[in-house]
Asks: 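I am attaching a structure below and will ask some questions about it afterwards.
Counting starts at 1 for both ligands and their atoms, in listed order. In this text, all values refer to a predicted model and were calculated from it rather than measured experimentally.
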Amino acid sequence: MNVAQVRLNGGETVHYDLVEDFSALDLGMESISFQAPVHVQLQVNNTSRAMLVKGTIHTELKATCGRCLESFIYPVELLYEDEWAFRALATEDLLETALLLDKDEIDIKDRIFEQIVLALPMKFICSAECHGLCPTCGVNRNLTPCNCEEGTVDPRLAALAKWQSND
Ligand SMILES: [Zn+2]
Ligand SMILES: [Zn+2]
């Protein structure tokens, strides 16, 4: 992203529409990968103090559901906002709070990737209603209702119940 034009004029805003292929990047979890390019729409505003970069990040990930183990598309929609300042011109507070630039190029790719990683959930679930796999027969209960008895109890809990009834 070249900000030379914005830099020269205080108050100026320029829009950027970027599409980046992140598919080679490792998201740190085996079960997740990029399914679509990353689409970034940003506006860069020269506030005279710094470059205020704001916008949205859109992409799709392919993830594996933690309950039913099926893969599904996980949409990513994030807001992005950062302040970038030229190192040579930055005031002391900007040196602490802003991201620093040495030239007219903002290399935003790393920063965008970081935002996506930070927004990932701890666990991917295909839908809040996902019934998962049957603990008894292992069938995907979203696709095939099985005939296993309702209320089949976890063997550890069954042992506990038995122990309590002996009391
Ligand atoms: Zn699922
Ligand atoms: Zn079953």
Side-chain angles (χ1 to χ4, degrees), residues 1-3 13-45 50-84 96-101 105-167:
M1 221 162 69
N2 192 299
V3 293
T13 301
V14 172
H15 293 268
Y16 294 83
D17 202 319
L18 313 167
V19 177
E20 289 272 358
D21 178 11
F22 278 34
S23 59
L25 297 178
D26 181 4
L27 280 157
M29 283 185 253
E30 259 177 49
S31 54
I32 310 163
S33 57
F34 283 97
Q35 175 76 16
V38 177
H39 187 192
V40 181
Q41 285 175 298
L42 298 173
Q43 63 169 50
V44 180
N45 177 233
M51 302 286 167
L52 187 62
V53 183
K54 267 186 183 182
T56 55
I57 304 170
H58 289 272
T59 189
E60 286 180 347
L61 304 178
K62 188 176 172 190
T64 304
C65 175
R67 284 188 198 159
C68 68
L69 308 181
E70 293 291 325
S71 40
F72 69 102
I73 301 299
Y74 179 82
V76 174
E77 285 182 31
L78 300 173
L79 295 178
Y80 176 85
E81 182 170 344
D82 266 331
E83 204 173 24
W84 296 72
E96 279 176 22
T97 58
L99 296 164
L100 299 175
L101 287 172
E105 286 283 325
I106 294 185
D107 183 4
I108 207 152
K109 195 173 172 176
D110 288 353
R111 188 66 180 154
I112 298 291
F113 182 67
E114 197 177 292
Q115 299 299 305
I116 294 172
V117 170
L118 289 174
L120 295 180
M122 296 292 287
K123 199 171 183 186
F124 287 87
I125 302 294
C126 66
S127 116
E129 287 85 48
C130 175
H131 298 296
L133 303 178
C134 171
T136 309
C137 71
V139 86
N140 181 344
R141 292 185 295 192
N142 299 318
L143 304 174
T144 324
C146 60
N147 295 320
C148 299
E149 273 178 52
E150 277 298 320
T152 304
V153 184
D154 182 313
R156 290 165 298 177
L157 293 179
L160 188 66
K162 197 175 165 202
W163 176 73
Q164 278 171 336
S165 66
N166 288 342
D167 197 24

Asks: Is it the case that the side chain of Asn142 and the backbone of His131 share a donor-acceptor pair, with hydrogens and angles ignored and the cut-off at 3.5 Å?
Replies: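 Indeed, once roles are kept as given, a pair shorter than 3.5 Å links the two residues.
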
Asks: Any luck finding a side-chain donor-acceptor pair between Asp17 and His39 under 3.5 Å?
Replies: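 Side chains of Asp17 and His39: pair found under 3.5 Å.
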
Asks: Quick one: angle Cys134 SG - the Zn ion (ligand 2) - Cys137 SG, to the nearest 10°?
Replies: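 Taking the Zn ion (ligand 2) as the apex, I get 110° for this pair.
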
Asks: Angle at the Zn ion (ligand 2): provide the value between SG of Cys146 and SG of Cys148, rounding to 10 degrees.
Replies: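 Vertex at the Zn ion (ligand 2): approximately 110°.
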
Asks: Any non-hydrogen side-chain atom of Pro121 less than 4.5 Å from a side-chain atom of Lys123?
Replies: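 Sidechains of Lys123 and Pro121: no contact.
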
Asks: Can you tell me, to 10 degrees, how wide the angle at the Zn ion (ligand 1) is between SG on Cys130 and SG on Cys65?
Replies: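 Vertex the Zn ion (ligand 1), arms to SG of Cys130 and SG of Cys65: 110°.
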
Asks: Would you check if the Zn ion (ligand 1) lies under 2.8 Å from any N, O or S atom of Cys68?
Replies: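 So Cys68 does bind the Zn ion (ligand 1) by this criterion.
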
Asks: Has Thr59 got a side-chain atom pairing as donor or acceptor with Pro37's backbone, closer than 3.5 angstrom?
Replies: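 The answer is yes, because a donor-acceptor pair under 3.5 Å joins these two groups.
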
